[in-house]
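Comments concern the structure below.
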Amino acid sequence: MRLFAAVVPPPEQLDELGSVVDRLRRLPGADGLRWTSRPGWHFTLAFMGEVDEELLPELGARLARAAHRTPAFPLRLHGGGHFGRRTLWAGAAGDLDELRLLAERADAAARRSGVPMEEHRRYQAHLTVARARGDGTAGLRPFLDELAGFEGGRWRVGELVLVRSNLPVSGVPGEQPRYETLERWPLAGDGKGAG
């Protein structure tokens, strides 16, 4: 199973971002980007790649402990950025230290469960909205300018989510991965999740 741990913004915040992305998609050059779909918008905390099903019980127990050790915290979608010339993303503001700590705990939970993880890097909060098609020569500047002033509404991050990524198999150009939530764990002090 191809898995990752994530924070998923609530529907209201995804709608706010959706309004901005709808404007971005009308800008000249937007057809040079492959836009991610709203059901897949999330902040990846720890990408685990292919995980043996036999590791799931221990992974789940360790992620539950990571969530229990982390207090709920405020966050909002904010601004944007890019990785190279290929990936356009929306950023975050709020308690980024707590978000980074949750990402580190999720990464450590995976490692201690026996999941072979990539080299550890400092966490950069981002929610991917588009990727350049082909050789990545699409100019991202107009899209970055539009995202620069974006300030989403604040919410309380109240859960850690384990997600399965089902890669496209049809061969249809532009088909998106499908994401399936396997498990959710409330953060400490937030019994019901985001609020």
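Only a predicted model underlies this, so the values are computations on that prediction, with no experimental measurement involved.
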Within the 4.5 Å heavy-atom criterion, are [X] and [Y] side-chain neighbours or not?
X      : Y      : answer
Gln13  : Leu75  : no
Phe47  : Arg2   : yes
Leu33  : Phe143 : yes
Leu17  : Phe150 : yes
Phe73  : Leu187 : yes
Arg38  : Leu14  : no
Leu99  : Val157 : no
Leu162 : Trp185 : yes

Over 12 foreign heavy atoms within 6.0 Å of CZ, Arg112:
no

For the residue pair Phe4 and Tyr179, categorise the inter-ring angle as parallel (less than 30°), tilted (30 to 60°) or perpendicular (more than 60°).
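Rings of Phe4 and Tyr179: perpendicular, as their planes differ by over 60°.
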
Side chain to side chain contact (heavy atoms under 4.5 Å, CB included) between Leu59 and Leu3, intermediate numbers included
CA-CA 11 Å; Leu59 176 61; Leu3 303 178; 4.1 Å; yes

Is a donor on one side and an acceptor on the other found under 3.5 Å between the side chain of [X] and the backbone of [Y]?
X      : Y      : value
Arg86  : Ala132 : yes
His126 : Gln124 : yes
Arg69  : Arg105 : no
Trp41  : Pro9   : no
Glu16  : Gly153 : yes

Hey, mind stepping through Met48 and Met1 against side chain to side chain contact (heavy atoms under 4.5 Å, CB included) and telling me if it holds?
CA-CA 9 Å; Met48 299 167 205; Met1 284 188 263; over 6 Å; no

Leu27 reachable from Leu88 in the ILVMFWY side-chain graph, under 4.5 Å edges
yes

Might you point out which heavy atoms bring [X] and [Y] nearest each other, and give the distance in Å?
X     : Y      : answer
Thr36 : Thr128 : OG1-O, 2.9 Å
Arg76 : Gly94  : NH1-N, 4.3 Å
Ala5  : Ala106 : CB-CB, 3.9 Å

Take Leu77 and Trp155 through the test side chain to side chain contact (heavy atoms under 4.5 Å, CB included) and record every step on the way to the result.
CA-CA 9 Å; Leu77 292 163; Trp155 86 91; 4.3 Å; yes

Can Asp22 and Arg26 be counted as an ion pair, charged N to O under 4.0 angstrom?
no

Decide yes or no on side chain to side chain contact (heavy atoms under 4.5 Å, CB included) for Glu104 and Asp107, but give the supporting numbers first.
CA-CA 5 Å; Glu104 289 170 9; Asp107 183 271; 5.6 Å; no

